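See structure below.
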2 protein chains.
Amino acid sequence: MFSKTTEYALRAAIYIAQKSTADKKLGIAEIAKAIDSPQSFTAKIIQQLTRGNTLVSSVRGPNGGFFMTEKAKRLPVRVILDLMGEDSKFQTCILGLKQCSELKPCPMHFEYKPIKEQLISLFADRSIESLAEDINNEHAFINSRNKRG
Amino acid sequence: MFSKTTEYALRAAIYIAQKSTADKKLGIAEIAKAIDSPQSFTAKIIQQLTRGNTLVSSVRGPNGGFFMTEKAKRLPVRVILDLMGEDSKFQTCILGLKQCSELKPCPMHFEYKPIKEQLISLFADRSIESLAEDINNEHAFINSRNKRG
DNA sequence: ATATTTAAGGATATATTTATCCTTTATTAT
DNA sequence: ATAATAAAGGATAAATATATCCTTAAATAT
Ligand code: FES
Ligand code: FES
């Protein structure tokens with residue numbers, strides 16, 4: 001579905017929402033370990049998520065790190081995809097036609113469309129925070145490791 | 001959603017289903033032009049679709065080319081994905097966890113699951129032939145070009 | 001002021017995907 | 001038999017995605 005880059009972005013943002021506050025910032029080492037991703041690569045990706053300062057915030061130096069404000073945590077998952085440039089993902093034709101259009105539809109278009117719309121609302125409806133909560137109360141998990149790590 | 005490779009495979013198979021019979025084989029040049037894909041690359045991909053001789057058949061030499069039997073045309077679209085090794089695509093976790101599992105679900109799992117199931121039936125339910133028919137009667141299209149080409 | 005910490009950014013490496021080209025093999029037509 | 005045709009297959013190239021490493025800049029603590 002998504003590139004590894006975007007998968008790491010989703011997991012990182014959810015983890016930052018789960019564990020950080022303005023007073024409790026997270027370092028890149030902790031984040032990468034928690035979400036099971038390559039550290040340097042993840043650093044670049046989180047940088048992208050800080051652009052515009054609407055989603056992830058960062059502070060350099062001692063006691064610095066990454067965090068999300070309560071307001072940012074309430075944003076929909078979609079915002080992560082937008083910052084990763086994957087927002088156009090849901091505009092594309094499933095057979096790879098240059099345009100996905102009702103006027104010149106591919107033979108799967110009309111059956112794919114309602115599914116695509118559900119995917120769009122999947123990311124539009126839920127807040128990053130609500131996903132983080134599911135992890136906090138152990139209804140869900142953000143990595144595939146067992147409790148010993 | 002899919003790699004370019006798989007997109008070309010889907011379009012090529014649908015086109016072969018639409019235009020070929022055992023008596024009217026199609027050359028790679030015609031196919032690649034019709035589906036707007038790079039010819040040599042498409043040749044390799046169609047080769048994959050001939051493995052096992054269940055989907056696409058091929059004959060070398062003069063009057064040779066690619067075709068599908070009526071039986072093959074009735075197969076579900078899913079068969080194309082299987083031959084392209086994309087069958088596992090729908091087993092993966094949307095956040096990239098190593099396992100997609102009910103026991104250790106990611107925070108999007110339970111909402112993503114029913115959508116994933118619809119995607120699976122999308123490819124399981126419709127025959128390649130029925131997609132080809134939509135193109136034949138101009139209810140659908142297999143490239144983005146206008147009628148002049 | 002200086003040293004320490006941590007993210008930002010640049011340069012580069014590796015792997016994978018996408019694509020082309022050329023040779024070989026099978027089939028047909030003459 | 002020979003030449004022509006068309007797919008099969010191998011080698012290689014180009015583009016993109018993934019990943020690492022090192023230097024720079026900003027913030028803090030001493
Ligand atoms: S045209 Fe193919 S999905 Fe819309
Ligand atoms: S665990 Fe993530 S989709 Fe199933």
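So you know, we letter chains A, B, ... as the sequences are listed, proteins then strands, and number each from 1. What you are looking at is a predicted structure, and each value in this text was computed from that prediction instead of being measured.
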Relative to the 5' end of DNA chain C, which residue comes earlier, A/P62 or A/K44, by the nucleotide with the nearest heavy atom?
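The residue mapped nearer the 5' terminus is A/P62.
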
Closer to the 5' end of DNA chain D via nearest nucleotide, is it B/G27 or A/T6?
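Final value for this comparison: B/G27.
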
Select from B/G61 and A/F2 the residue whose nearest nucleotide in DNA chain D is closer to the 5' end of that strand.
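Its nearest nucleotide lies further toward 5', so the answer is B/G61.
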
More than 12 non-hydrogen atoms from neighbouring residues, nucleotides or ligands closer than 6.0 Å to CD on B/Q99, yes or no?
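Atom CD in B/Q99 is not packed in, count stays at 12 or less.
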
Round to a whole Å and report the spacing from [atom1] of [X] to [atom2] of [N].
X     : N      : atom1 : atom2 : value
B/Q48 : D/dA7  : CD    : C1'   : 15 Å
A/M84 : D/dA17 : CE    : P     : 11 Å
B/Q39 : C/dT18 : CD    : C1'   : 16 Å
B/L26 : D/dT5  : CG    : C1'   : 16 Å
A/K89 : D/dA17 : NZ    : C1'   : 12 Å
B/I45 : C/dT20 : CD1   : C1'   : 13 Å
B/K4  : C/dT16 : NZ    : C1'   : 16 Å
A/N53 : C/dA7  : CG    : C1'   : 13 Å

Decide yes or no for B/E86 and B/S3: does some side-chain heavy atom of the first lie under 4.5 Å from some side-chain heavy atom of the second?
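When only atoms from C-beta onward are counted, B/S3 and B/E86 do touch, with a gap below 4.5 Å.
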
Nucleotide paired to C/dA26 in any strand shown, Watson-Crick or G-U, under 3.5 Å
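Its partner is D/dT5.
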
Would you call B/K73 and B/E70 a salt bridge, using N to O less than 4.0 angstrom?
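Yes, charged N to carboxylate O under 4.0 Å.
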
Charged N to carboxylate O below 4.0 Å: is that the case for A/K19 and A/E30?
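Looking at A/K19 and A/E30, the cut-off is not met.
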
Within less than 4.0 Å of OP1 or OP2 of [N], is there a side-chain N or O belonging to [X]?
X     : N      : result
A/S58 : C/dA8  : yes
A/Y8  : D/dT18 : no
B/T5  : C/dT18 : yes
B/Q47 : D/dG9  : yes
A/N63 : D/dA29 : yes
A/R51 : C/dG9  : yes

Classify A/S40 by what it touches in the nucleic acid, base, sugar-phosphate, or nothing, heavy-atom distance under 4.0 Å.
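If one applies the 4.0 Å heavy-atom cut-off, A/S40 turns out to touch a base.
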
So what does A/I28 hit on the nucleic acid, given a heavy-atom distance under 4.0 Å: a base, only sugar-phosphate, or nothing?
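A/I28: backbone/sugar contact only, no base atoms under 4.0 Å.
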
Please report whether the ring centroid of B/F123 lies less than 6.0 Å from that of B/F2.
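That pair passes the under 6.0 Å test.
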
Tell me which nucleotide among D/dT18, C/dT18, D/dA25 gets nearest to the side chain of A/R60.
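That would be D/dA25.
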
Six-ring centre of B/F90, B/K116 cation under 6.0 angstrom, axis tolerance 45°:
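No, cation not above the ring by the 6.0 Å, 45° rule.
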
